[in-house]
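Heads up: numbering here begins at 1 and tracks the sequence. If you're wondering where the values come from, they're calculated on a predicted model, not measured in any experiment.
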Amino acid sequence: MKKLVVKNEDLIPNQLEENVEKHTAELIKTNEQLQQEITDRKRVEATLKESEERYHALYDLIPLMYFTLDTEGTILTVNQFGLKHIGYEAKELIGKPVVDIFYKADKKAVMEKFNSFLKNPTQVGSWDFRKVHKDGHIIWVQETVRLMRDSNNRDVVLIVCEDITDRKRTEQALQ
């Protein structure tokens, strides 16, 4: 069977025009779709950026101490309020064992609670312990602990600490 080959010069000029118009219309439609996708993506990116900015503002400014740890108990992050409240700079804490900032008499119990929590990671842990401010004074904290996954799909421990020093002083005074 002989293959039919049509050359451009064999086409009637009207057919050529029709083909060009048809392909031009298809390209215009595809371009419009791409422009809409770009607009939608930019809108989503702007919303995500705004959400991240709100999250970071809340994370740093809310009057609670936030720590993230790896499963070995090493500090990965701490929020600005937490740093200010315990008197340290980030570079002094990041990469250090979290147990280092607890009161000496509490360190063993802290590690026992932490390790026990890791054995039951679906639960939310909560406990009261004493932390030591950089200047040496004691801060009572109530910690709430939860295991989460980070963006690299690794387990990390989120700890939210509330300063309960005044409450503990009041309890001790009542006793």
Side-chain angles (χ1 to χ4, degrees), residues 36-175:
Q36 185 61 47
E37 286 180 28
I38 290 168
T39 301
D40 292 346
R41 181 170 289 195
K42 285 181 178 180
R43 187 177 318 115
V44 167
E45 287 173 355
T47 302
L48 179 60
K49 183 179 179 187
E50 181 182 314
S51 175
E52 286 176 353
E53 288 171 356
R54 266 195 317 269
Y55 163 78
H56 285 292
L58 286 171
Y59 179 79
D60 280 333
L61 300 176
I62 198 163
L64 295 168
M65 294 171 266
Y66 286 99
F67 293 82
T68 54
L69 315 175
D70 64 16
T71 54
E72 301 298 314
T74 303
I75 299 171
L76 302 173
T77 66
V78 58
N79 70 334
Q80 289 300 311
F81 180 85
L83 290 169
K84 183 178 177 184
H85 204 70
I86 58 175
Y88 289 91
E89 294 181 31
K91 65 184 177 185
E92 296 174 290
L93 294 179
I94 306 299
K96 304 285 192 304
V98 72
V99 73
D100 288 357
I101 59 175
F102 283 90
Y103 186 65
K104 186 176 181 177
D106 291 349
K107 287 183 181 192
K108 182 178 178 188
V110 167
M111 289 312 298
E112 287 171 358
K113 287 282 191 182
F114 184 78
N115 290 326
S116 175
F117 166 75
L118 289 176
K119 291 177 184 171
N120 295 307
T122 57
Q123 296 180 6
V124 174
S126 183
W127 47 73
D128 298 353
F129 286 114
R130 295 167 286 187
K131 289 188 177 179
V132 181
H133 188 280
K134 186 176 179 180
D135 70 10
H137 78 270
I138 305 298
I139 303 167
W140 274 97
V141 294
Q142 181 176 60
E143 295 189 331
T144 304
V145 183
R146 176 156 188 187
L147 192 67
M148 302 178 71
R149 295 269 180 182
D150 70 5
S151 60
N152 296 318
N153 206 31
R154 294 177 300 187
D155 287 337
V156 293
V157 180
L158 174 63
I159 301 177
V160 180
C161 306
E162 180 182 1
D163 186 336
I164 59 168
T165 305
D166 291 339
R167 184 176 80 193
K168 287 292 188 177
R169 285 183 187 142
T170 302
E171 289 173 4
Q172 289 172 350
L174 290 173
Q175 290 176 357

*Any sub-3.5 Å donor-acceptor pair from Thr47's side-chain atoms to Arg43's backbone N or O?*
yes

To check you understand the geometry: which heavy-atom pair defines the closest contact between [X] and [Y], and what is its length?
X      : Y      : answer
Ala109 : Phe129 : CB-CE2, 3.6 Å
Ile139 : His85  : CD1-O, 3.5 Å
Ser126 : Gln142 : OG-CG, 4.2 Å

Heavy-atom count check: over 12 atoms from other residues, nucleotides or ligands less than 6.0 Å from [X] [atom1]?
X      : atom1 : answer
Arg130 : CZ    : yes
Arg41  : CZ    : no
Lys168 : NZ    : yes

So, taking the atom named [atom1] in [X] and the one named [atom2] in [Y], what distance separates them when rounded to the nearest 0.5 Å?
X      : Y      : atom1 : atom2 : result
Asp128 : Glu162 : CG    : CD    : 9.5 Å
Thr165 : Arg167 : OG1   : CZ    : 10.0 Å
Thr170 : Ile164 : OG1   : CD1   : 11.0 Å
Glu45  : Asp40  : CD    : CG    : 11.0 Å
Leu158 : Asp150 : CG    : CG    : 12.0 Å
Ile75  : Asp100 : CD1   : CG    : 7.5 Å

*asked:* side chain to side chain contact (heavy atoms under 4.5 Å, CB included) for Val156 and Asp70? Distances and angles first, verdict last.
replied: CA-CA 5 Å; Val156 293; Asp70 64 16; 5.7 Å; no

*asked:* Val98 vs Phe114, test: side chain to side chain contact (heavy atoms under 4.5 Å, CB included). Steps then yes/no.
replied: CA-CA 10 Å; Val98 72; Phe114 184 78; 5.7 Å; no

Only pairs under 3.5 Å count here: list side-chain donor-acceptor contacts from residues 90-97, not counting sequence neighbours, and write none if there are none.
unit_1 : atom_1 : unit_2 : atom_2 : d
Glu92  : OE1    : Glu89  : N      : 2.7
Glu92  : OE1    : Lys134 : NZ     : 3.3
Glu92  : OE2    : Lys134 : NZ     : 2.6

*Below 4.0 angstrom, N of the basic side chain to O of the carboxylate: do Arg54 and Glu50 qualify?*
yes

*asked:* Measuring only between side-chain heavy atoms, which start at C-beta, is Phe117 closer than 4.5 Å to Ile159?
replied: no

*Give the intermediate values and the outcome of side chain to side chain contact (heavy atoms under 4.5 Å, CB included) for residues Phe67 and Ile101.*
CA-CA 12 Å; Phe67 293 82; Ile101 59 175; 3.9 Å; yes

*Quick one: do Cys161 and Lys131 satisfy side chain to side chain contact (heavy atoms under 4.5 Å, CB included)? Show the steps, please.*
CA-CA 10 Å; Cys161 306; Lys131 289 188 177 179; 3.2 Å; yes

